[in-house]
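Worksheet: one structure, shown below.
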2 protein chains.
Amino acid sequence: MPVSLPPLSAIRAFEAASRHLSFTKAGEELGMTQAAISYQIRLLEDRLGYAVFIRKTRRIELTENGRQLSGRVIEAFATLRTAFEEVGEKNAGQLVVSSNTTFAVNWLANRLVHFQMQNPDIAVRILPYGPGASPEFDSADIVVSACKRPPKDWISNEIVKADFSPMLSPALAASIGGVTSPEDILRLPMVDPQDPWWGIWFRAAGFGDVDLSGRPNSRMGSQALEANRAIAGQGVAILTPYFCKTALETGQLQQPFDLTARIEEESWYLSYPPTKRNNRKVRLFRDWVFAELKRDGMPVPAPAPETAA
Amino acid sequence: MPVSLPPLSAIRAFEAASRHLSFTKAGEELGMTQAAISYQIRLLEDRLGYAVFIRKTRRIELTENGRQLSGRVIEAFATLRTAFEEVGEKNAGQLVVSSNTTFAVNWLANRLVHFQMQNPDIAVRILPYGPGASPEFDSADIVVSACKRPPKDWISNEIVKADFSPMLSPALAASIGGVTSPEDILRLPMVDPQDPWWGIWFRAAGFGDVDLSGRPNSRMGSQALEANRAIAGQGVAILTPYFCKTALETGQLQQPFDLTARIEEESWYLSYPPTKRNNRKVRLFRDWVFAELKRDGMPVPAPAPETAA
DNA sequence: CATGACACATAAGGGAATTTTATGCATGCC
DNA sequence: GGCATGCATAAAATTCCCTTATGTGTCATG
């Protein structure tokens, strides 16, 4: 049970006044009037039962007691200031993004350098989390997640709808003389036949119950892996076209059907705690993500309105 | 221009909460509700732009940032607490009395031991100041002064009226066959013929202008010295009977005439700054002085009323 | 598995603590 | 001597907190 201190505002006034040896200057530093400092010092002396300043004409001096306090109090405030400053700086200069692996590998990886060039003062740390793991809501500034919902008070924007469609390597397609009908796919190996996306896509394509016994969806988090296996010709994967853009453009993969399916509400979300809605680095990153999406022609959510700091 | 800190009340709440890892306990320690702590922490996090606590169910944890702050903040508050505590204790246990020499030597000297026995926890320091010097209004807790008035806002009590009357040693009186009329005094050497008190006393005794060219009054501060010279038979001194009580009782001095004179407003005053009116040691000392005076049959002023701390 | 207890969050409202404004006062300086 | 400077003070206005009351999610328990 620590000793109770005099009012902190009085201590702060004393700290400043004892540094400047002037109530007026202390008031300026603290953004208040000379009268307020005078009041606070009076309060402090009243509370302590002894004077800390001797009022001379047009200047003040510390009393013996005041002198003894002054040093320690200044020291304590210096400790506080450096503590908050250091943590604040560390915090302002470092942006921690917890992203699910798909988004990190298929989207962030080859664009991040642009953000970093635009904002050389911000050190970005990407923490990818794989399927089965959870985003690091506690330690991240921003989270890009798919299935895992952020704490409900977080500000959350849907950034990419989880459309999906079968993808395969041209070589694999050629091996059966080309893929022209959904049924062709069934003649090829699948990278992950248990993925529930298959069933949904086939239904959307007009094929009722294709038997692909369900398994917890994990494609949201590991498309990079599936994509590589598909590129390597190991099978047909069911992937989100937007995330395969490069592979599709370079011909490493092909998407035989324009038809995409989706599970409503299964999307990638960018989210952050409301505390950080006015945080510079968070705003910069969020806006950059939105701008990139827009360049890609993706629908972009309106960012939540800002509030005065 | 130091960095501006978050609101200090929020920092204090954080300090307590981070020690207890509980808002409820922190609230108890600080004498406020759990809701208030919650509010303050929220405020702090809002201001800082990052969280300092992770809210788990029925308990809280420090975030990385919070942990980094916590240590320093606790340290800073400990510094403040020990600083105020130490100075406070030093201050509570030590009573500095700046007293004019007459009062110190002729009154305090042989009584102080009683006060010290009654209050063994208080260390009394008497700072006597001689004629010509000033009381140490700045560093003393209590001042006993005569001519020097305390700063006008001080609480000041008249304790001894400066009555005066001629005093001499019995031997000196016998040397002229006894002193029975004021005129007899003029036949003897005076310890300080320039003292204005002489003229006033002689006038009061019915003798008009006795020629004793004036000189600044200094008897208020050095009666001890004059008294010793009178006791040694060097001359007649004009002294305050109350302060010669012992010498008169033991026959070292005699006061030939009951007549005393006084200059209105010339008195000894006990005074202290209003800041200290409820200060324990100051009250104890003041009350002890008043009690001693009362025992001597002196009129005692009513102490100023106390105010709630 | 329902219930209660516990710990923190949140909203509304009131009130006290601070601040400001507007002076006064003493004194040092030109 | 007149003015500027720096602190004190009183009254008035705000702002900031804190409390009360209630909600939410979990854990523990019978």
Side-chain angles (χ1 to χ4, degrees), chain A residues 4-47 51-63 66 137-138 149-154 273-275 307-308, chain B residues 4-14 16-47 51-63 66 137-138 149 151-154 273-275 308-309:
Chain A
S4 82
L5 287 171
L8 292 173
S9 46
I11 302 182
R12 174 174 47 195
F14 170 70
E15 193 263 348
S18 76
R19 262 188 294 109
H20 294 297
L21 286 180
S22 155
F23 289 0
T24 308
K25 297 241 186 63
E28 278 162 18
E29 175 183 314
L30 298 180
M32 44 205 240
T33 59
Q34 161 270 127
I37 304 292
S38 180
Y39 170 89
Q40 292 290 348
I41 300 293
R42 153 86 34 127
L43 204 68
L44 181 69
E45 294 180 326
D46 246 38
R47 166 67 171 273
V52 293
F53 285 114
I54 303 167
R55 277 71 165 177
K56 306 256 177 173
T57 305
R58 301 186 53 162
R59 87 202 155 81
I60 51 174
E61 272 177 23
L62 285 163
T63 60
F137 290 118
D138 289 339
R149 306 309 312 261
K152 66 178 171 338
D153 61 330
W154 281 35
T275 334
T307 308
Chain B
S4 81
L5 287 170
L8 291 174
S9 46
I11 301 182
R12 174 175 46 196
F14 170 68
S18 76
R19 261 186 296 110
H20 294 296
L21 287 180
S22 154
F23 290 179
T24 307
K25 295 242 187 65
E28 277 162 20
E29 175 183 314
L30 297 179
M32 43 205 241
T33 58
Q34 161 270 127
I37 304 291
S38 179
Y39 170 88
Q40 292 291 347
I41 300 294
R42 153 84 36 126
L43 205 68
L44 182 70
E45 293 180 326
D46 245 39
R47 165 67 171 272
V52 292
F53 285 114
I54 302 167
R55 277 72 165 176
K56 307 257 175 168
T57 304
R58 302 186 55 159
R59 84 201 155 84
I60 51 176
E61 271 177 24
L62 285 163
T63 61
F137 290 116
D138 290 339
R149 306 308 310 264
K152 65 178 172 336
D153 62 328
W154 280 34
T275 334

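Only a predicted model underlies this, so the values are computations on that prediction, with no experimental measurement involved. Every chain is numbered from 1 and lettered A, B, ... according to where its sequence line falls, protein lines coming before strand lines.
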query: Is it true that a side-chain atom of Glu45(B) and a backbone atom of Val52(B) form a donor plus acceptor pair closer than 3.5 Å?
result: yes
message: dA8(D), OP1 or OP2 - any side-chain N/O from Arg55(A) closer than 4.0 Å?
response: yes
query: Reckon Ser38(B) has a side-chain N or O less than 4.0 Å from the OP1 or OP2 of dA9(C)?
result: yes
query: Phosphate oxygens OP1/OP2 of dC18(D): is one of them under 4.0 Å from a side-chain N or O of Thr33(B)?
result: no
query: With a 4.0 Å cut-off on heavy atoms, is Ile60(B) in touch with a base, just the backbone sugar-phosphate, or nothing at all?
result: sugar-phosphate
Separation of dC18(D) P from Leu30(B) CG (nearest whole Å): 9 Å
message: Whether Arg59(A) contacts dT27(C) is assessed here as follows: a side-chain N or O lying under 4.0 Å from the phosphate OP1 or OP2. Is that the case?
response: no
message: Which is more 5' along DNA chain C, the nucleotide nearest Ile37(B) or the one nearest Pro7(A)? Just name the residue.
response: Ile37(B)
task: Would you mind classifying the nucleic acid contact of Leu43(A) as base, sugar-phosphate or nothing, using non-hydrogen atoms under 4.0 angstrom?
output: sugar-phosphate
task: Quick one: label Thr24(B) by what it contacts on the DNA or RNA (base, sugar-phosphate, nothing), any heavy atom closer than 4.0 Å.
output: sugar-phosphate
- prompt: Taking 4.0 angstrom as the limit, do Glu29(B) and Lys25(B) come out as a salt bridge?
  reply: no
Sugar-phosphate only, base, or nothing, as touched by Gly31(A) at under 4.0 Å among non-hydrogen atoms: sugar-phosphate
- prompt: To the nearest angstrom, how far is Met32(A) atom CE from dC16(D) atom P?
  reply: 13 Å
Spacing of Phe23(B) atom CZ relative to dC18(D) atom P, expressed in whole Å: 14 Å
message: Donor-acceptor check, side chain of Ser18(B) to backbone of Phe14(B), threshold 3.5 angstrom: yes or no?
response: yes
query: Among the nucleotides dT19(D), dC7(D), dT5(D), which one has an atom lying closest to any side-chain atom of Arg58(A)?
result: dT5(D)
- request: Over all heavy atoms of both residues, which pair between Ala17(A) and Ile41(A) is shortest? Give the atoms and the distance, please.
  value: CB-CD1, 4.3 Å
query: Atom OH of Tyr39(A) and atom C1' of dA8(D): how far apart are they, to the nearest Å?
result: 14 Å
- prompt: In whole Å, what is the span from the CD atom of Glu45(B) to the C1' atom of dC8(C)?
  reply: 12 Å
query: Is the distance from OP1 or OP2 of dC18(D) to the nearest side-chain N or O of Gln40(B) less than 4.0 Å?
result: yes
message: Tell me the closest heavy-atom pair linking Ile37(A) and Ala26(A), and the distance in Å.
response: CD1-C, 4.0 Å
field: Distance, rounded to the nearest Å, where His20(B) contributes NE2 and dC8(C) contributes P
entry: 12 Å
message: Can you work out whether Gln34(A) or Thr57(A) has the more 5'-proximal nearest nucleotide on DNA chain C?
response: Gln34(A)
- prompt: Rounded to whole angstrom units, what separation is found between the CD1 atom of Ile41(A) and the C1' atom of dT9(D)?
  reply: 16 Å
message: Looking at Leu5(A), is its backbone amide N or carbonyl O close enough to the side chain of Arg47(A) to form a donor-acceptor pair, meaning the two atoms are under 3.5 Å apart?
response: yes
- prompt: In whole Å, what is the span from the CD atom of Glu61(A) to the C1' atom of dG6(D)?
  reply: 15 Å
message: When you measure from the side-chain N and O atoms of Ser9(B) to the phosphate of dC17(D), is any distance below 4.0 Å, counting only OP1 and OP2?
response: yes
